Amino acid sequence: MNKYSWIAMVSLCLLLFFFLMNEIQSEKSLAFDTYIAELFSVGKNTFSFTFFKSITYLGKSMFIGFGSLLCVLYLWIIKKDYWTMAVFSIGIAGADVLNGWIKNHVKRVRPENHLMETAGFSFPSAHAMVGLIFFSMVAYLIMSEIKGNSLKWAVGIGFFCLVLLIGVSRIAMKVHFPTDILAGFTLGAAYSLTLLKFYKFLGSRIH
């Protein structure tokens with residue numbers, strides 16, 4: 001990815017995020033939220049409910065925290081790649097802090113009639129934002145170890161679909177508005193692209 005396409009993608013993601021934040025802070029009723037929420041509505045005790053409830057646990061802070069610990073230990077003990085280990089650790093921790101700060105700033109109340117227990121404010125979704133950042137970093141680590149392009153594509157598409165499903169699961173469980181998920185994805189994408197650029201730029205000078 002060249003410099004100009006990177007700037008364009010990060011800028012586009014941030015513009016969309018701030019547009020969504022502005023719309024939400026104006027306390028308008030968004031037709032997008034209503035339409036998408038109805039589209040992914042599920043009933044209790046159905047296969048869809050069980051499936052999405054299982055998927056949503058993959059984006060929980062406990063799962064991501066444990067997964068991050070395993071990745072850090074792998075980079076530290078097996079690979080002895082301390083630079084990547086530092087970027088991975090700081091990247092995930094920073095994303096979690098940023099998400100919490102924005103939530104407390106916007107203070108959007110979650111949708112009513114949750115299908116599972118949850119707490120805290122709604123915008124942006126940590127599952128979508130931090131989940132995208134975590135799984136993007138894991139996908140990057142795996143793909144950097146793979147030589148075949150077709151297998152790299154398969155890993156990339158697999159992780160993309162997983163992140164998308166985690167986002168949809170939060171809508172299906174009625175614990176987030178669709179705009180929370182979209183905002184989480186856009187900010188998570190901007191954060192991931194910036195982190196990758198930082199990692200490559202400084203990494204080439206450290207190694």
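Hydrogens, waters and symmetry mates play no part in the numbers below; they use all other heavy atoms, side chains included. Quick caveat, the model's predicted, so the values are computed rather than measured.
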Working to the nearest 0.5 angstrom, can you tell me the gap between L39 CG and T34 OG1?
12.5 Å

For atom CZ of F19, is the number of surrounding heavy atoms from other residues, nucleotides or ligands below 6.0 Å larger than 12?
no

Measure from the side-chain N and O atoms of H114 to the backbone N and O of M173, and report whether any donor-acceptor pair falls under 3.5 Å.
no

So CD1 of I64 and CG of L58: to nearest 0.5 Å the spacing works out to 9.0 Å

Could you tell me whether a side-chain N or O of K107 sits under 3.5 Å from a main-chain N or O of N104, the two making a donor and an acceptor?
yes

Would V175 and F51 show up in the same hydrophobic cluster when neighbours are defined by side-chain heavy atoms closer than 4.5 Å?
yes

Ignoring hydrogens and geometry, is there a side-chain-to-backbone donor-acceptor pair from K174 to I171 under 3.5 Å?
no

Spell out, as yes or no, whether a donor-acceptor pair under 3.5 Å connects the side chain of S41 to the backbone of A37.
no

Suppose we call two aromatic rings close when their centres sit under 6.0 Å apart. Are F123 and F17 close by that rule?
yes

D180/R170 ion pair, N-O < 4.0 Å:
no

Test side-chain contact (heavy atoms from CB on, under 4.5 Å) on T179 and R108; report intermediate values, then the result.
CA-CA 11 Å; T179 41; R108 189 185 200 186; 2.8 Å; yes

Would you confirm whether S144, through its side chain, and L141, through its main-chain N or O, come within 3.5 Å as a donor-acceptor pair?
yes

Gap separating the OG atom of S169 from the CE atom of M116, nearest 0.5 angstrom
8.0 Å

Tell me whether the count of non-hydrogen atoms from other residues, nucleotides or ligands lying under 6.0 Å of CZ in F160 goes above 12.
no

First locate atom CG of L187, then atom CG of L98, and finally report the distance between them rounded to the nearest 0.5 Å.
5.5 Å

If Ile, Leu, Val, Met, Phe, Trp and Tyr residues are connected whenever their side-chain heavy atoms lie under 4.5 Å apart, and connections chain through other members, are M62 and I133 in the same group?
no

Spacing of I92 atom CD1 and M137 atom CE [to the nearest 0.5 Å]:
5.0 Å

Applying the 4.5 Å side-chain criterion to the ILVMFWY set and letting contacts propagate, would F66 and F159 be lumped into a single cluster?
no

Taking the hydrophobic residues Ile, Leu, Val, Met, Phe, Trp and Tyr, and joining any pair whose side-chain heavy atoms are under 4.5 Å apart, which ones share a cluster with W153?
I157

Atom CD of E145 with >12 non-hydrogen neighbours under 6.0 angstrom:
yes

Validation row: P124, K103 side chains within 4.5 angstrom (heavy atoms):
yes

Name the residue from W76, Y199, Y140, Y74 that meets the side-chain hydrogen bond (donor to acceptor under 3.5 Å, both in side chains) definition with T84.
Y199

Could you measure the distance from the CG atom of L16 to the OG atom of S11? Nearest 0.5 Å is fine.
12.5 Å

Are any side-chain N or O atoms of Y191 and backbone N or O atoms of G91, one a donor and one an acceptor, separated by less than 3.5 Å?
yes

Please answer whether the main-chain N or O of I166 pairs with a side-chain N or O of H127 as donor and acceptor at a distance below 3.5 Å.
no

Side-chain donor/acceptor of T56 to backbone N/O of F52, under 3.5 Å:
no

same_hphob_cluster(M85, I78) at 4.5 Å side-chain heavy-atom cutoff
yes

